[in-house]
Amino acid sequence: MQILVTGGAGFIGGHLAEQFVSDGHDVVVLDTLEPFYDVGLKQRNIEAGETAAKNGTGQYNFVEGSVTDSDLVTDLVSETDCIFHQAAQAGVRTSVENPGKTTRINIDGTFTVLEAARKAGVRRFVNASSSSVYGKPEYLPYDEDHPTTPISPYGASKVAAEHYARVYNEVYGLPTVSLRYFTVYGPRMRPNMAFTNFVSRCLHGESPVIFGDGTQTRDFTYVNDIVDANRRLLETSVADGEVLNIGSGERITITELATVIRDEIDPEIDIVYDDPREGDAEHTHSDVSKARKLLGYEPSVSIEAGAKQFVEWYRRNKDWYDPLVRNS
Ligand SMILES: NC(=O)c1ccc[n+]([C@@H]2O[C@H](COP(=O)([O-])OP(=O)(O)OC[C@H]3O[C@@H](n4cnc5c(N)ncnc54)[C@H](O)[C@@H]3O)[C@@H](O)[C@H]2O)c1
């Protein structure tokens with residue numbers, strides 16, 4: 001199968017592209033290599049895709065360019081069976097600082113890829129959405145019927161993109177699905193997130209810093225489970241036009257997470273607290289029954305086990321991954 005992964009040099013797209021190539025598919029990655037975080041990490045994702053191609057039957061091609069470039073996207077999509085649209089300006093805080101950029105990439109970019117997909121008659125369009133669409137919890141865990149009241153421009157852009165995807169299914173019959181990912185972590189993850197910060201600081205003998213009082217809770221999802229959910233969508237059309245939560249189905253307080261990581265590395269280190277950050281949700285927790293029913297999705301890694309696996313991976317890859325080592 002010919003697969004286009006937009007944002008495929010990023011964290012999640014990098015894992016998807018690598019997996020699809022290993023499965024024997026031919027993959028094109030479209031990515032601008034945004035310097036939102038160290039571009040060297042994106043090169044690692046590209047190398048992972050190239051290595052998978054060398055070791056298997058699938059092909060891997062990287063194209064540097066933007067999802068907002070209609071001519072380029074139209075050209076790439078004309079050869080494509082399935083699109084996994086991961087390209088975005090990720091990050092709540094970035095969207096608070098620069099809402100225009102988030103809107104252009106996340107809304108205009110999604111529209112541009114949908115439009116090209118419609119014209120080309122693509123068989124599957126999977127849109128990466130986010131738990132940030134929920135914003136203020138009226139009840140937990142969130143099911144997909146929970147109201148969407150985002151509290152950041154990022155969350156608003158993801159709601160808009162979901163609606164475009166749904167409308168393209170309803171009006172044009174394009175087989176779209178939006179997956180609402182709940183905070184994703186794992187090897188090669190974006191370094192500007194709590195998981196990496198906690199591990200990095202503890203490995204350097206420094207205190208992990210929590211923004212807020214640490215009682216906020218998160219549903220953290222191991223990246224392999226995200227890949228698994230996407231992969232299932234290659235084989236089924238049952239979820240056309242739907243939005244699905246993809247999470248671990250568990251939640252943990254930020255203090256508990258910092259404690260698990262700290263205890264893995266050095267139980268003597270203190271945890272410290274700083275002011276809360278604007279735009280961050282207080283709690284996230286997924287109800288994944290819909291994805292379970294429609295896709296057979298079953299989260300396989302508990303947050304505590306995943307945190308320990310991540311620390312192990314981090315230790316082995318610290319030389320190139322750790323922000324403090326890379327910048328020293
Ligand atoms: N990581 C998470 O916890 C999480 C949670 C919920 C949703 N998501 C969503 O999942 C997707 C992937 O997130 P990620 O964590 O891998 O982020 P990431 O930043 O690592 O990956 C996004 C990629 O998109 C690329 N990109 C940015 N603008 C582009 C453009 N105009 N054209 C083409 N490529 C462009 C970036 O260079 C980057 O490589 C995003 O849509 C994000 O909003 C992520």
Side-chain angles (χ1 to χ4, degrees), residues 4-18 29-49 62-69 72-73 84-113 127-133 150-158 160-161 179 181-201 209 211 218 220-221 223 226 277-281 310 314 317 320-328:
L4 173 66
V5 181
T6 72
F11 164 45
I12 297 170
H15 280 274
L16 287 176
E18 182 185 9
V29 159
L30 173 65
D31 200 299
T32 45
L33 302 179
E34 278 292 305
F36 171 49
Y37 59 85
D38 189 341
V39 174
L41 300 185
K42 300 190 184 192
Q43 295 296 352
R44 290 273 171 172
N45 288 324
I46 294 170
E47 280 164 31
F62 173 71
V63 176
E64 186 169 351
S66 174
V67 287
T68 56
D69 179 343
L72 174 63
V73 171
F84 290 81
H85 177 51
Q86 312 299 304
Q89 177 57 62
V92 162
R93 271 179 296 284
T94 311
S95 80
V96 172
E97 285 153 19
N98 191 347
K101 187 175 184 199
T102 297
T103 301
R104 279 190 296 281
I105 298 176
N106 298 8
I107 303 180
D108 293 355
T110 303
F111 164 74
T112 305
V113 185
N127 173 47
S129 189
S130 165
S131 58
S132 299
V133 300
I151 53 171
S152 65
Y154 171 72
S157 76
K158 288 292 180 181
L179 299 182
Y181 303 157
F182 283 67
T183 319
V184 188
Y185 70 99
R188 309 198 301 264
M189 71 182 290
R190 289 195 343 245
N192 46 5
M193 296 174 81
F195 250 93
T196 302
N197 289 338
F198 292 170
V199 178
S200 177
R201 290 185 69 88
V209 181
F211 298 105
R218 284 281 173 288
F220 288 104
T221 317
V223 67
I226 298 287
R277 295 228 173 137
E278 210 179 342
D280 277 342
F310 182 65
Y314 200 120
N317 294 279
W320 64 267
Y321 178 73
D322 185 76
L324 296 177
V325 175
R326 276 201 325 274
N327 298 331
S328 63

**Request:** Please report the closest heavy-atom contact between Leu30 and Glu64, naming both atoms and the distance.
**Result:** CD1-C, 4.5 Å
**Prompt:** Do Phe11 and Gln86 come within less than 4.5 Å of each other through their side chains, counting heavy atoms only?
**Reply:** no
**Prompt:** Under 3.5 Å, side chain of Lys158 to main-chain N/O of Ala128, donor-acceptor pair present?
**Reply:** yes
**For Lys42 against Tyr37, the heavy-atom pair lying closest together** = CE-CZ, 3.7 Å
**Derivation and outcome, side chain to side chain contact (heavy atoms under 4.5 Å, CB included), residues Tyr181 and Thr221** = CA-CA 8 Å; Tyr181 303 157; Thr221 317; over 6 Å; no
**Asked** Do Val67 and Thr112 have side chains that get closer than 4.5 Å, going by heavy atoms?
**Response** no
**Prompt:** Taking the side chain as C-beta and beyond, is there a heavy-atom pair between Val29 and Ile46 under 4.5 Å?
**Reply:** no
**Request:** Can you run down the salt bridge (charged side-chain N to carboxylate O under 4.0 Å, His left out) pairs that involve residues 98-110, sequence neighbours left out, and say none if there aren't any?
**Result:** Glu34-Lys101
**Prompt:** Can you list the residues that meet the side-chain hydrogen bond (donor to acceptor under 3.5 Å, both in side chains) rule with Arg93, with sequence neighbours excluded?
**Reply:** Asp280
**Prompt:** Nearest heavy-atom pair of Arg277 and Phe211: which atoms, and what distance?
**Reply:** NH2-CZ, 3.0 Å
**Request:** Starting at OG1 of Thr6, measure out to CG of Leu16 and round the result to the nearest 0.5 Å.
**Result:** 10.0 Å
**Asked** With a 4.5 Å heavy-atom cut-off, do Phe220 and Val184 have their side chains touching?
**Response** no
**Request:** Take Phe182 and Arg218, measure what side chain to side chain contact (heavy atoms under 4.5 Å, CB included) needs, and give me the verdict at the end.
**Result:** CA-CA 8 Å; Phe182 283 67; Arg218 284 281 173 288; over 6 Å; no
**Asked** With no hydrogens and no angle check, is any side-chain donor or acceptor of Asn45 less than 3.5 Å from a backbone partner on Gly10?
**Response** yes
**Prompt:** Taking the side chain from His15 and the backbone from Pro187, do they hold a donor-acceptor pair closer than 3.5 Å?
**Reply:** yes
**Message:** Once side-chain hydrogen bond (donor to acceptor under 3.5 Å, both in side chains) is applied, do any residues pair with Asp38, and if so which ones, sequence neighbours excluded?
**Reply:** Arg326
**Message:** For the backbone of Pro99 and the side chain of Thr103, can you confirm whether one donor and one acceptor N or O come within less than 3.5 Å of each other?
**Reply:** yes
**Message:** Check the orientation of Phe195 and Tyr185. Use parallel for under 30°, tilted for 30 to 60°, and perpendicular for over 60°.
**Reply:** parallel
**Validation row: Val96, Pro153 side chains within 4.5 angstrom (heavy atoms)** = yes
**Prompt:** When rounded to the nearest 0.5 angstrom, what is the spacing between CG in Leu4 and CZ in Phe84?
**Reply:** 10.5 Å
**Prompt:** Any ion pair linking Arg188 and Glu18 (charged N to carboxylate O, less than 4.0 Å)?
**Reply:** yes
**Request:** Side-chain contact test, heavy atoms from C-beta onward, threshold under 4.5 Å: evaluate it for Arg190 versus Thr196 and give yes or no.
**Result:** no
**Pairwise side-chain contact, Ser132 with Pro150, heavy-atom cut-off 4.5 Å (strictly under)** = no
**Asked** So which heavy atom on Ser200 is nearest to which on Tyr314, and how close?
**Response** CB-OH, 3.2 Å
**Message:** If I take atom CG from residue Asn197 and atom CG from residue Asn192, how far apart are they, to the nearest 0.5 angstrom?
**Reply:** 7.5 Å
**Asked** Are Asn106 and Tyr154 close enough, and set up right, to give a side-chain hydrogen bond (donor to acceptor under 3.5 Å, both in side chains), and what steps lead you there?
**Response** CA-CA 8 Å; Asn106 298 8; Tyr154 171 72; 5.9 Å; no
**Asked** What is the minimum heavy-atom distance between Leu33 and Val39, and which atoms define it?
**Response** O-CG2, 3.7 Å
**Message:** For the CD1 atom of Ile12 and the CD1 atom of Ile226, what is their distance to the nearest 0.5 Å?
**Reply:** 5.5 Å
**Prompt:** So Asn127 and Thr110, side chain to side chain contact (heavy atoms under 4.5 Å, CB included) or not? Walk me through it.
**Reply:** CA-CA 8 Å; Asn127 173 47; Thr110 303; 4.1 Å; yes
**Request:** Apply the test side chain to side chain contact (heavy atoms under 4.5 Å, CB included) to residues Leu41 and Trp320: give CA-CA distance (whole Å), side-chain angles for both, the deciding distance (0.1 Å), then the verdict.
**Result:** CA-CA 8 Å; Leu41 300 185; Trp320 64 267; 3.6 Å; yes
**Request:** Grab the two heavy atoms, one from Ser66 and one from Leu72, that are nearest each other, plus how far apart they are.
**Result:** N-CD2, 4.1 Å
**Message:** With heavy-atom distances below 4.5 Å as the criterion, would you say the side chains of Tyr321 and Arg44 are in contact?
**Reply:** no
